[in-house]
Amino acid sequence: MNFTLLITVLLTALTLVVAAYVIAKLIGPRSYAKVKGEPYESGIPTRGSSWLPVSVGFYLFAILFLMFDVETVFLYPWAVVVKEFGAAALLSIGFFMVVLVLGLAYAWRKGDLEWN
């Protein structure tokens with residue numbers, strides 16, 4: 001197999017990441033004030049530790065939101081080419097929507113959408 005394209009993409013990605021990091025370090029503002037290192041929210045100093053346990057519900061809700069948001073983004077390209085493919089496109093998006101609805105029903109039944 002020819003992996004030239006894959007290697008090119010990986011090297012380009014690595015180069016762009018390193019270049020963005022170097023440029024940010026070179027031209028970014030530098031401020032080493034003591035206040036910059038303190039936890040800050042709404043101008044009120046925090047009391048106690050900042051390391052408080054967070055409910056898993058927040059993470060589950062965020063992951064479910066991202067999952068369904070990304071899946072609905074896939075509907076746009078389908079809508080653009082649906083006329084070209086006809087019944088095959090309709091069947092494929094029907095299957096896609098069934099999987100999406102089954103995933104939502106599973107999350108709902110499991111109670112992941114309940115906010116306690």
Side-chain angles (χ1 to χ4, degrees):
M1 293 184 114
N2 188 354
F3 292 106
T4 308
L5 182 61
L6 177 65
I7 292 171
T8 304
V9 168
L10 290 175
L11 287 176
T12 303
L14 182 66
T15 304
L16 289 174
V17 168
V18 170
Y21 181 76
V22 169
I23 291 170
K25 282 291 186 187
L26 290 176
I27 66 173
R30 292 179 185 90
S31 175
Y32 301 106
K34 183 180 177 185
V35 177
K36 286 286 254 184
E38 293 181 8
Y40 179 81
E41 184 176 333
S42 303
I44 302 168
T46 58
R47 287 181 280 155
S49 174
S50 297
W51 293 96
L52 298 175
V54 178
S55 172
V56 174
F58 289 109
Y59 298 110
L60 287 175
F61 197 82
I63 288 171
L64 284 171
F65 172 77
L66 287 174
M67 184 178 71
F68 288 109
D69 191 43
V70 168
E71 286 179 353
T72 55
V73 166
F74 289 128
L75 292 176
Y76 179 74
W78 170 81
V80 171
V81 297
V82 70
K83 283 187 178 181
E84 294 176 25
F85 294 105
L90 189 60
L91 285 174
S92 68
I93 202 61
F95 179 73
F96 180 78
M97 293 302 290
V98 165
V99 170
L100 186 66
V101 168
L102 286 175
L104 179 62
Y106 175 76
W108 198 337
R109 175 131 193 208
K110 195 174 171 191
D112 289 340
L113 300 177
E114 298 294 324
W115 202 258
N116 296 334

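All heavy atoms count here, side chains included; hydrogens, waters and symmetry mates do not. The chain is numbered in sequence order, starting from 1.
Between Glu71 and Val99 there is no side-chain heavy-atom pair separated by less than 4.5 Å.
The two residues Ala89 and Ser92 have their closest heavy-atom pair at O-OG, 2.9 Å. The shortest non-hydrogen separation linking Ala79 to Val82 is O-CG1, 3.6 Å. Nearest heavy-atom pair across Trp78 and Leu90 is NE1-N, 4.3 Å.
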Under 3.5 Å donor-acceptor pairs involving side-chain atoms of residues 62-70, not counting sequence neighbours:
none

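No path of Ile, Leu, Val, Met, Phe, Trp and Tyr side chains, each step under 4.5 Å between heavy atoms, connects Val101 with Val98, placing them in separate hydrophobic clusters. At a threshold of 4.5 Å between side-chain heavy atoms, the hydrophobic network of Ile, Leu, Val, Met, Phe, Trp and Tyr places Phe95 and Leu102 in two separate groups. Leu75 and Leu104 end up in the same hydrophobic cluster when Ile, Leu, Val, Met, Phe, Trp and Tyr side chains are linked at under 4.5 Å. Hydrophobic clustering (ILVMFWY, side-chain heavy atoms < 4.5 Å, transitive): Ile27 and Leu16 are in distinct clusters. Criterion: ILVMFWY side-chain heavy atoms under 4.5 Å apart, direct or through other members. Under it, Tyr106 and Leu60 are not part of a common hydrophobic cluster.
The only option from Thr8, Leu10, Val9 that meets the side-chain contact (heavy atoms from CB on, under 4.5 Å) definition with Leu6 turns out to be Leu10.
For the atom pair CE (Met97) and OG1 (Thr72), the distance works out to 9.0 Å, reported to the nearest 0.5 Å. The distance from atom OG1 of Thr12 to atom CD1 of Ile7, rounded to the nearest 0.5 Å, is 11.5 Å. A distance of 12.5 Å separates CD1 of Ile93 from CZ of Phe85, quoted to the nearest 0.5 Å.
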